[in-house]
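A short worksheet on the structure shown next.
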Amino acid sequence: MKLNGRVRQILPALTAFAILFTESPIRAQETPATLGIFESHADIGVTPKPGSATYDTATSEYRVTGGGANMWAGVDAFHFVWKKVDGDFDLSAVVTFVGTGAEDHRKAALVVRQSLDPKSTYADVALHGDGLTSLQFRPVPGAETSEVRSPVKAPAHLSLARHGAQLTMSVGKTDNATLSGPVTIEFKGPVYVGLGVCSHDANVLETAVFSKVLLQELPATANNLNPTKVHSDLSVYDLSTKTVSVIYSADTLWEAPNWTPDGKFLMSNSGGKLYRIDVNGKSQPEKIGLDAGYAANNDHGLSPDGKWLAISAEHGGAKASQVYVADANGAKPRLVTPNMPSYFHGWAPDGKWLAFVGERNNNFDIYRIPVAGGQEERLTSDPGFDDGPDYSVNGKWIYINSNRAGAWDIWRFPAEGAGTNDSKAERITNDAQEDWFPHPSPDGKWIAFLSFPPGTPGHDTKTSVHLRMMPASQLPVPTTSPAGSAIEDWSDSIQILTEFFGGQGTINVNSWSPDSEKFAFVSYRLLP
């Protein structure tokens, strides 16, 4: 039996006795005469020791006691005080633990949840017993929790704000706050907003006091998962120094940087146009001479010898993307893929083939086509969604991302095709994160890719993402194995290079520097 914690009619004695000893994930509590601005409270998940909540009308403080093993991974256990909210909000409080605590990772949190189910979609700003503070979130029910850590240690002032699909954390030791996030979650309808405490040890209870609690309810705004009103930072990650440098910024949408073969410029698209940008930031972007009738998107790249430019664009009344090849300066474009939609992603090392994604018969698969033109060749046939093809440096493999195994992972297959029923396709990553756009480095040593939080359904979402990298040289030559099996679990060899607000447009196409020492990407910041 699941109870939602609201005051119900008095149950018969036998039913009340049964509820008391049930292992229901939600244990209803008797609601006191007042909980201040909140409506009710309950234990969420498995909490052997029942929690409690009180409100002191004299001090306007909330005292919340909770148990539970954790608020993390795919399921939560804690005590929750809540109010249902229909639109946007800003919840803030001063948070203090009571006592030294049994666990360093006990949590006192400002929380928003889609439901009271322990596996619910949620976000919280959680102050831990050791001072760690993070914006934790689960974008879909049951997914692994992700987090954005605050640089501020042991803050007293916490704030959790929702604006449409964007959730933001603000924390500080005083009223001067440090902002972190946002993360993107598509909540639907009313949500539960309030205060939570988790002991991190199911056999004990922990208590936190929430003072100066303020809940501002605001009009609802649209859940825009891929906002275009953003500030863009075209950035370069340096592998040797492990630092990020911003080479160009603008309060408009920029996407998908490529390096020119001489290493002097990045090429990026904005507003349907392509631009060349000095990597030293010494000049303003220079528009590439592509005819104004071509609306280019974020799938573009120069040939290995730098003589040709492949672009994906809509042109001449076409209602979907097609692939064109032009001179390196954008002049004299010619159509290569009559079928649409088609999205370029990679040049073969010998410059003779283009790998692209095509939607045919309501299915997205990987294709190749001669640069000179001709018939497209279908390389994958799995009913899953395949995307992001990029060639290995030796031309033997094509790396892609696919959800054919249920989640988004990196796969590879021989460059001439994945074989009958994709029997030659091999899974490269298989951890909880959703992996997109694999890009081998020019020296063949690394594969860089973009990772979304677990459960993120696609790459159109802009949210907190990881730029990750794994060694390509460690991937073994596969022996005979069941079709679609993972080569090996390489989770321990994957490095997180940096974390930022990004997604669609960040690294859609290969953006390694020619010397394999740097990697370009775009991060974003929401504008008012």
Side-chain angles (χ1 to χ4, degrees), residues 85 87-95 107-112 122-128 131-139 145-187 191 193-196 210-235 243-246 249-253 452-453 461-467 496 498-503 506 521-528:
V85 174
D88 293 349
F89 65 84
D90 190 334
L91 175 64
S92 60
V94 173
V95 184
K107 294 172 182 153
L110 310 184
V111 184
V112 55
Y122 86 98
D124 67 32
V125 176
L127 172 65
H128 298 63
L132 168 68
T133 307
S134 59
L135 175 56
Q136 304 178 154
F137 60 105
R138 182 184 298 128
T145 295
S146 296
E147 69 174 349
V148 177
R149 295 192 174 191
S150 170
V152 181
K153 182 81 171 179
H157 297 257
L158 308 183
S159 174
L160 173 64
R162 176 194 181 190
H163 183 80
Q166 311 301 329
L167 285 297
T168 305
M169 167 177 66
S170 179
V171 303
K173 292 181 180 292
T174 64
D175 290 336
N176 296 321
T178 299
L179 196 67
S180 298
V183 299
T184 303
I185 300 178
E186 190 177 13
F187 289 111
V191 292
V193 178
L195 316 173
F210 299 81
S211 59
K212 297 184 179 180
V213 177
L214 178 63
L215 175 59
Q216 294 179 289
E217 298 185 49
L218 306 169
T221 53
N223 277 344
N224 188 357
L225 302 182
N226 186 24
T228 56
K229 194 175 182 181
V230 295
H231 172 91
S232 303
D233 286 328
L234 272 74
S235 305
T243 58
V244 174
S245 301
V246 178
S249 295
D251 286 343
T252 51
L253 180 66
F452 290 79
T461 299
K462 281 188 172 66
T463 187
S464 177
V465 295
H466 288 139
L467 183 60
I496 297 177
T498 183
E499 181 180 11
F500 50 89
F501 184 71
T506 290
F521 65 96
V522 185
S523 63
Y524 301 102
R525 186 174 72 245
L526 295 178
L527 294 174

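Numbers here are sequence positions counted from 1. Only heavy atoms go into these numbers, but all of them, side chains included; no hydrogens, no water, no symmetry mates.
Within the 3.5 Å criterion, the main-chain N or O of Thr184 finds a donor-acceptor partner in the side chain of Thr463. Between the side chain of Thr221 and the main chain of Gly164, a donor-acceptor pair closer than 3.5 Å is present. Side-chain atoms of Thr252 never come within 3.5 Å of backbone atoms of Ala250 as a donor-acceptor pair (strictly under, hydrogens ignored). Listed for the Ser134 side chain is no donor-acceptor partner under 3.5 Å among the backbone atoms of Val148. A side-chain donor-acceptor contact under 3.5 Å links Ser150 to the backbone of Val152. No donor-acceptor distance shorter than 3.5 angstrom exists from the side chain of Lys229 to the backbone of Leu526, with no hydrogens or angles considered. Formation of a donor-acceptor pair under 3.5 Å by the Lys462 side chain with backbone atoms of Arg525 is not found in this model. When atom types are taken as modelled, the side chain of Asn223 and the backbone of Phe187 share a donor-acceptor pair closer than 3.5 angstrom.
Taking all atoms of both residues into account, the shortest heavy-atom contact from Val213 to Ala93 is CG2-CB, 3.8 Å. Closest heavy-atom contact between Gly181 and Leu135: CA-CD2, 4.4 Å. Shown here for Gly196 and Phe210, the closest heavy-atom pair between the two residues is O-CZ, 3.8 Å. Contact record, Leu91 with Gly194: CD2-O, 3.4 Å, taken as the closest heavy-atom pair. The two residues Leu225 and Ala165 make their nearest non-hydrogen contact at CD2-CB, 3.7 Å. Minimum heavy-atom separation, Gln136 to Ala126: NE2-CB, 3.8 Å.
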Item to check | side chain to side chain contact (heavy atoms under 4.5 Å, CB included) between Asp90 and Ser159, worked out | outcome: CA-CA 7 Å; Asp90 190 334; Ser159 174; 2.9 Å; yes
Checklist entry - Are Asp233 and Phe500 close enough, and set up right, to give a side chain to side chain contact (heavy atoms under 4.5 Å, CB included), and what steps lead you there? => result CA-CA 11 Å; Asp233 286 328; Phe500 50 89; over 6 Å; no
Checklist entry - So Val171 and Met169, side chain to side chain contact (heavy atoms under 4.5 Å, CB included) or not? Walk me through it. => result CA-CA 7 Å; Val171 303; Met169 167 177 66; 3.7 Å; yes
Checklist entry - Hey, mind stepping through His163 and Thr168 against side chain to side chain contact (heavy atoms under 4.5 Å, CB included) and telling me if it holds? => result CA-CA 8 Å; His163 183 80; Thr168 305; over 6 Å; no
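The shortest distance between side-chain heavy atoms of Val465 and Phe501 does not fall below 4.5 Å. The shortest side-chain heavy-atom distance between Ile185 and Tyr122 does not fall under the 4.5 Å cut-off. For the pair Val246/Ser235, a side-chain contact is recorded, criterion being any heavy-atom separation below 4.5 Å from C-beta on.
Test Ser146, Ser464, Ser523 against Glu499 for side-chain contact (heavy atoms from CB on, under 4.5 Å) and you get one pass: Ser464. When each of Leu110, Val111, Val85 is checked for a side-chain contact (heavy atoms from CB on, under 4.5 Å) with Val193, only Val85 meets the rule.
The number of heavy-atom neighbours closer than 6.0 Å to NE2 of His231, taken from other residues, nucleotides and ligands shown, is above 12. Residue-environment remark: NZ (Lys212) stays at or below the threshold of 12 foreign heavy atoms within 6.0 Å.
Atom CZ in Arg162 sits 10.5 Å away from atom CG in Leu218 (nearest 0.5 Å). Taking CG of Leu195 as the start and CG of Asp124 as the end, the distance is 11.5 Å to the nearest 0.5 Å. With rounding to the nearest 0.5 Å, the separation of OG1 in Thr133 from NZ in Lys107 is 12.0 Å. A distance of 11.5 Å separates CD of Gln216 from CZ of Phe89, quoted to the nearest 0.5 Å. The distance from atom OG1 of Thr461 to atom CZ of Phe452, rounded to the nearest 0.5 Å, is 7.0 Å. Note that CG of Leu253 and CG of Asn226 are 7.5 Å apart. Values are rounded to the nearest 0.5 Å.
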